[in-house]
S.K.: 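Once you've had a glance at the structure underneath, I'll fire off some questions.
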Amino acid sequence: NRVFTLAKRPEGKPNRDTFELVERDVPEPGPGEALVRTLYLSVDPYMRDRMRAGESYAEPWGVGDPLEGGVVGEVVADNGTEFEAGDVVAGNLRWADFSTAAGPDLQRVDPDLAPISTALGVLGMPGRTAYFGTREVAQPDAGDTFVVTGAAGAVGSVAGQVAKLQGARVVGFAGSAEKVSFLEDDLGFDAGINYKETDDYRAALAEAAPGGVDAYFDNVGGPITDAVFTQLNVDARVAVCGQISQYNAEELPTGPRKLGQLIQKRATVEGFLIQDFAPRFEQATRQLGRWVQNGDITYRETVTEGLENAPEGFLGLFEGENIGKQLVKVADR
Ligand code: NDP
């Protein structure tokens with residue numbers, strides 16, 4: 001049973017030395033637990049936060065501790081849960097070949113509904129984040145202009161499509177020409193901006209959204225967000241979902257720089273955490289499932305093969321190597 005542990009806390013950007021792959025016994029499921037064989041592992045930007053010692057919304061990992069993440073796996077042994085061998089389940093498990101978990105901490109995944117990997121992407125935590133962040137926080141109305149950053153990623157790609165379904169005009173920022181054509185040609189965004197091709201984000205946005213911005217779904221923060229703030233319309237709403245451009249920063253820049261824009265525009269800025277919507281997860285997953293089935297929502301996955309390559313999958317998030325949801329395929333079903 002291979003298990004990844006936190007080898008040391010990264011300073012600035014994590015690298016391969018942040019991780020250690022160790023060999024451990026396959027764990028025995030205790031009473032009320034099941035043993036799960038990992039099929040897919042999710043790597044997510046928030047995991048960077050768990051690598052630091054300081055305070056954050058996610059509990060820090062200790063040095064030497066096994067890493068955890070979203071897993072879709074197959075039950076191989078049951079010790080008094082509602083599951084039986086062969087069931088496909090999702091849960092917050094280890095970066096490992098095998099994990100144990102208590103029954104209530106596992107969710108059943110229906111392999112006939114959609115590919116099982118979607119339980120970690122469009123029909124899982126990132127899809128739900130996009131769903132609630134767009135509909136409940138950014139709240140674009142029909143005819144509004146909605147801007148999303150990290151637009152070709154797991155959350156951003158779904159957020160833009162949910163806003164389109166609400167009748168908004170959608171503009172996305174992403175980091176390559178390939179990603180921009182994914183947004184415009186595959187997802188139906190009205191415009192994509194390759195932010196790596198311009199220094200003048202403000203001019204690029206003014207061109208793509210000449211009527212200004214009514215709703216902004218922020219996944220990245222930093223200078224792109226500064227530029228979006230200059231283009232907000234009166235009564236604009238900003239949903240602060242993530243700030244990935246700052247996650248590896250050793251020193252944070254002082255202050256949000258464009259707050260004056262919020263005064264003039266009477267804008268509302270609201271941070272949110274997906275956990276707070278937990279009582280409504282099933283409703284969101286059902287709706288997203290219907291949209292995926294009828295083709296209203298398209299999704300993409302970038303799959304790194306092999307548990308041993310999980311660190312590369314994670315590190316690639318900070319280099320923009322993924323289109324859509326970044327997954328690690330650990331084993332075949
Ligand atoms: P993504 O699939 O979007 O992957 C991360 C992407 O971020 C990369 O592909 C890259 O795309 C972009 N990126 C990386 N560094 C930078 C940078 N310096 N400036 C601009 N863009 C950058 O990840 P997720 O969809 O899983 O997560 C998106 C955001 O949502 C993250 O900030 C995450 O922390 C947050 N989040 C928040 C939740 C909440 O409850 N509030 C829940 C889930 C996620 P590119 O090529 O475009 O640069």
Side-chain angles (χ1 to χ4, degrees), residues 12-14 41-52 56-58 69-70 92 120-122 124-134 136-138 147-162 171-183 187 189 192-199 201 216-228 238-249 252-253 269-278 281 284 299-304 312-328:
K13 252 187 202 181
L41 166 69
S42 174
V43 285
D44 296 78
Y46 77 85
M47 293 168 171
R48 175 64 185 84
D49 232 35
R50 299 200 66 181
M51 293 173 178
R52 73 179 94 243
S56 113
Y57 68 82
N92 199 48
L120 300 174
V122 63
M125 187 276 279
R128 293 191 289 260
T129 302
Y131 178 89
F132 289 112
T134 302
E136 310 270 329
V137 190
V147 171
V148 55
T149 48
V155 174
S157 61
V158 178
Q161 294 182 84
V162 170
V171 177
F173 278 87
S176 71
E178 187 190 2
K179 289 185 180 188
V180 166
S181 65
F182 170 60
L183 300 180
L187 305 186
F189 281 37
I193 296 170
N194 177 359
Y195 74 89
K196 289 190 179 158
E197 263 213 328
T198 174
D199 290 330
Y201 307 140
Y216 174 38
F217 192 114
D218 187 13
N219 284 316
V220 312
I224 302 179
T225 289
D226 287 349
V228 178
V238 176
V240 185
C241 175
Q243 299 280 288
I244 193 169
S245 73
Q246 312 298 310
Y247 293 174
N248 292 324
L252 287 179
V269 180
E270 186 178 345
F272 73 98
L273 270 181
I274 188 55
Q275 293 85 301
D276 297 340
F277 295 94
F281 279 179
Y299 69 92
R300 202 125 134 208
E301 298 170 339
T302 300
V303 181
T304 297
E312 280 71 23
F314 171 76
L315 298 169
L317 294 169
F318 299 92
E319 312 299 334
E321 279 166 16
N322 61 307
I323 297 189
K325 175 64 196 155
Q326 176 67 53
L327 296 167
V328 180

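Everything numeric here is computed off the predicted structure, so don't read it as measured data. Counting starts at 1 for both ligands and their atoms, in listed order.
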S.K.: Of all the atoms in ligand 1, which lie at a distance below 4.0 Å from a heavy atom belonging to Ala154?
M.R.: 1 (P), 2 (O), 3 (O), 25 (O)
S.K.: With heavy atoms of Gly242 as the reference, note each atom of ligand 1 found under 4.0 Å away.
M.R.: 32 (O), 35 (C)
S.K.: Heavy atom of Tyr195 under 4.0 Å from ligand 1?
M.R.: yes
S.K.: Under the ring pair (Phe, Tyr, Trp, His ring centres under 6.0 Å) test, which residues partner Phe272, sequence neighbours left out?
M.R.: none
S.K.: Which ligand 1 atoms, with their elements, are less than 4.0 angstrom from a heavy-atom of Phe272?
M.R.: 39 (C), 40 (O), 41 (N)
S.K.: Please list, in number order, the atoms of ligand 1 under 4.0 Å from a heavy atom of Ser245.
M.R.: 17 (C), 18 (N), 19 (N)
S.K.: Only heavy atoms count here, so choose which of Asn219, Thr129, Thr225 is nearest to atom 38 (C) of ligand 1.
M.R.: Thr129
S.K.: Take every heavy atom of Gln326, measure it against each atom of ligand 1, and state whether any distance is under 4.0 Å.
M.R.: no
S.K.: In the protein, which heavy atom is nearest to atom 10 (C) of ligand 1, and how far is it?
M.R.: Gly320 CA, 3.5 Å
S.K.: Please check if atom CD in Glu197 has more than 12 non-hydrogen atoms from other residues, nucleotides or ligands closer than 6.0 Å.
M.R.: no
S.K.: Please confirm whether Gly324 comes under 4.0 Å of ligand 1, counting heavy atoms of the residue only.
M.R.: yes
S.K.: Answer side chain, backbone, both or neither: which part of Glu321 comes under 4.0 Å from ligand 1, heavy atoms only.
M.R.: neither
S.K.: Evaluate whether atom CG of Asp199 has more than 12 neighbouring non-hydrogen atoms of other residues, nucleotides or ligands under 6.0 angstrom away.
M.R.: no
S.K.: Check each of Lys179, Arg128, Met47 against atom 11 (O) of ligand 1 and report the one with the nearest heavy atom.
M.R.: Lys179
S.K.: Does Arg128 qualify as a cation-pi partner of Phe281, given the criterion of NZ or CZ under 6.0 Å from the six-membered ring centre and within 45 degrees of its axis?
M.R.: yes
S.K.: Can you tell me if Lys325 contacts ligand 1 (heavy atom of the residue under 4.0 Å from the ligand)?
M.R.: no
S.K.: Only heavy atoms count here, so choose which of Tyr46, Tyr247, Phe318, Phe132 is nearest to atom 34 (O) of ligand 1.
M.R.: Tyr247
S.K.: Would you mind running through ligand 1 and noting each atom that sits below 4.0 Å from a heavy atom of Gln243?
M.R.: 32 (O)
S.K.: Ring pair (Phe, Tyr, Trp, His ring centres under 6.0 Å) with Tyr299: which residues, sequence neighbours excluded?
M.R.: none
S.K.: Say whether, by atom type as modelled, one donor and one acceptor occur between the side chain of Thr129 and the main chain of Ile274 under 3.5 angstrom.
M.R.: no
S.K.: I want to know whether Tyr195 and Phe173 have ring centres closer than 6.0 Å.
M.R.: no
S.K.: Is the shortest side-chain N to carboxylate O distance from Asp44 to Arg50 below 4.0 Å?
M.R.: no
S.K.: Hey, is Ser176 one of the residues with a heavy atom under 4.0 angstrom from ligand 1?
M.R.: no
S.K.: Work out whether the distance between some heavy atom of Glu319 and some atom of ligand 1 is less than 4.0 Å.
M.R.: no
S.K.: Is there a donor in the side chain of Thr149 and an acceptor in the side chain of Asn219, or the other way round, less than 3.5 Å apart?
M.R.: no
S.K.: So which atom in Arg52 and which in Tyr247 form the shortest heavy-atom distance, rounded to 0.1 Å?
M.R.: NH2-O, 3.0 Å
S.K.: Within a 6.0 Å radius of atom CD on Gln246, are there more than 12 heavy atoms belonging to other residues, nucleotides or ligands?
M.R.: yes
S.K.: Just jot down the ligand 1 atoms closer than 4.0 angstrom to any heavy atom of Val220, in number order.
M.R.: 20 (C), 21 (N)
S.K.: Of the choices Arg48, Met125, Gln275, Gln246, which has the non-hydrogen atom that lies closest to atom 43 (C) of ligand 1?
M.R.: Met125
